[in-house]
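Counting from 1, the numbers follow the sequence of the chain as shown.
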Amino acid sequence: MSVQLASLNCHLDKLFQYGLSIIKENETEILEEWTQMKDYFEKMDKRSAKSVASGIELFSNIIFDQPITKDEFLSKLKNDWNKYITRQPVDQFILTIIESSVHHATKSKTEKKQRDAQAIQYVFNQISEHILSKKADSLFKYEIFLQHLVYSQQMPIEWIAVIEKDGEKFKLENWFNKDKCLLTSQITIEGETMYELTEHLLNFVQTSNKNNILTIPYKDKQLLLSAEVNGTIQITAFINHALQLLQSGKATLAATQREQKWKDAVIMFTESILQVRTFNDALETITEGFVNYLPFERCAIFSYSKTDELGFGLSGHKLDKKAIQAITQDINNLPLINNGLELLRMFDNALKYLQPLYIADVRGELPKQYIKTFELQSIVVVPIFSSSSNELLGAAIIDQGPNQTFSISQDIYTALTKFGHSAGEVLERFNTSMQELNQTVHFSPREIEVLKLMADGESTTGAAGILHLSEYTVRDYITSVMQKMKARNRTEAVARAIRKGVI
């Protein structure tokens, strides 16, 4: 399992446990809701009344029980559900009304209503998936595959033994034969070599003289097969091919399950930001979402001004917001990010090709003051864009904590792209606020340096010497500052900058 997937699993498990804790905190109200619901179905003499009552009793006994892990909780719930609830279409109906009653009983209890509701929804999504869906993992267990091979009357296989190496010895791990008689835990068959173990095994079980003993490697194990002589070549080829298909199927299932987790994260992120009502709420929800639903610890969001080619800080989660909001950066001074924007400068419709930018080590890629202030090491820059307006609105910069290095997989690239798209569509709703921000006078760090030197009375020549720039370059900065401040001369530009708190 990749580091990102393990971390994502941890994030989603925390969300599940949080949802479960909200439910347990509201036990009294929920039980009242369930009692009223059960009484209603019984009073109305509904056909599903018995199933509803059984479902409520089952949930009451398990969900408010002593703390257990997510896997234990889901396993116990599924076992009891299959035992007491008849498998029929009414299952989803019962789960739906139980979930609805939980939402109703908890909806006004805390300030973070949206987060609580989403956590509860995720709990019931996992419950529904676990109870109602077929457990596909068992389809790709090699033990089940071997059982089917041996038990089949169409295959000339008498028995199959599974051998594993335990230290310096070879040990019989499992054994299947036509009589479905497996080795008991009291019997141990082992040997210093595969040959010795095979001899011990043949002494233990009678094998027809018409059979051959075949050895087939499988992962870190060895399979011993007793099969009829005439079919050994075909059987060996068949089993080798079948085991490869088994592994491919298992890998495909794992990829599908991994993809579903990323989809769950994207869905929950999108649902959370669609509920925002103000621009500030949108910024807060977006920055929190990158951390709550993906394996990251910190997030900062920046706006992008295409006219000035500047990026300026808007908000941050688990970061100093004031420090983020104090940032105004000329994108031209960030080579990697600037190169990523070249497509936008060349083609107006290139936004769909803009991908998250992973930077393994920010040294030499970002200004030193940012690296030091925020203790940056590895980061990901996620474009926030709106496909409806075909406009780059900004970017989210995320990492896994102070001075942390990490790598990311293709799965996370896909998820981050969708996060950026969803965030852009929501921010587009606050287009007026975004435009006001972009129309605000912003100065690049170099322009602020020139302004400060102007305020100190430095001449163009003096400023050029201090900044190690040519006089022509300094004059360009002074002209730019005067234009932005709508000032007629340097003195007026400095005065207005001081009044506005720029310097």
Side-chain angles (χ1 to χ4, degrees), residues 4 7 11 265 269 273 280 282-306 308-341 344 351 354-386 392-409 412-424 426-427 434 437-438 442 444-445:
Q4 291 83 21
S7 185
H11 272 59
F269 174 74
I273 62 178
N280 287 334
L283 295 178
E284 182 178 349
T285 305
I286 289 170
T287 52
E288 286 183 354
F290 274 95
V291 172
N292 289 338
Y293 305 121
L294 287 175
F296 296 98
E297 293 299 322
R298 305 189 299 181
C299 175
I301 188 170
F302 295 81
S303 180
Y304 171 67
S305 171
K306 184 178 179 180
D308 299 322
E309 294 189 352
L310 292 176
F312 47 96
L314 297 178
S315 185
H317 182 60
K318 294 188 178 179
L319 288 164
D320 186 340
K321 288 186 180 180
K322 290 185 177 179
I324 295 296
Q325 292 168 347
I327 295 176
T328 299
Q329 182 61 50
D330 187 342
I331 300 300
N332 292 301
N333 293 331
L334 305 176
L336 277 179
I337 297 176
N338 188 47
N339 291 339
L341 294 175
L344 296 180
L351 270 178
L354 204 56
Q355 298 292 313
L357 174 63
Y358 164 67
I359 304 177
D361 188 345
V362 296
R363 289 176 297 180
E365 304 297 345
L366 295 182
K368 292 182 180 179
Q369 68 266 29
Y370 300 150
I371 297 175
K372 181 178 179 181
T373 300
F374 301 108
E375 299 178 281
L376 302 176
Q377 186 68 44
S378 297
I379 66 169
V380 184
V381 182
V382 183
I384 295 178
F385 61 90
S386 170
L392 179 66
L393 302 178
I397 297 182
I398 51 180
D399 70 4
Q400 292 186 348
N403 298 316
Q404 293 297 309
T405 59
F406 59 90
S407 59
I408 58 178
S409 64
I412 202 168
Y413 271 110
T414 303
L416 288 172
T417 301
K418 294 183 181 298
F419 269 50
H421 182 202
S422 296
V426 170
L427 289 180
M434 293 296 292
L437 283 171
N438 287 342
H442 300 287
S444 69

Between T285 and A282, is there a donor-acceptor pair closer than 3.5 Å when you use the side chain of the first and the backbone of the second?
-> no
Just say parallel, tilted or perpendicular for the rings of F385 and H421, cut-offs at 30° and 60°.
-> parallel
With D361 via side-chain hydrogen bond (donor to acceptor under 3.5 Å, both in side chains) - residues at least two apart | R363, Q377
Return the minimal non-hydrogen interatomic distance between L393 and S386, and the atom names on each side.
-> CD1-CB, 4.4 Å
Look at the aromatic rings of F269 and F419 and report parallel, tilted or perpendicular, splitting at 30° and 60°.
-> parallel
Measure the spacing between CD1 of I273 and CD of E288 and express it to the nearest 0.5 Å.
-> 12.5 Å
Minimal heavy-atom distance between F302 and I397, with the atoms involved, is CE1-CD1, 3.8 Å
Can you name the nearest heavy-atom pair linking I384 to A395, along with the distance?
-> CD1-C, 3.9 Å
Compare every heavy atom of L416 with every heavy atom of V380, then report the nearest pair and how far apart it is.
-> CG1-CD1, 3.8 Å
Is there a donor-acceptor pair closer than 3.5 Å between any side-chain N or O of Q325 and the backbone N or O of G313?
-> no
If every non-hydrogen atom of R298 is compared with every non-hydrogen atom of F374, which pair is closest and at what distance?
-> NH2-O, 2.8 Å
Rounded to the nearest 0.5 angstrom, the CD1-OG distance for I398 and S378 is 11.5 Å
To the nearest 0.5 Å, what is the distance between OG1 (T414) and CD (Q355)?
-> 8.0 Å
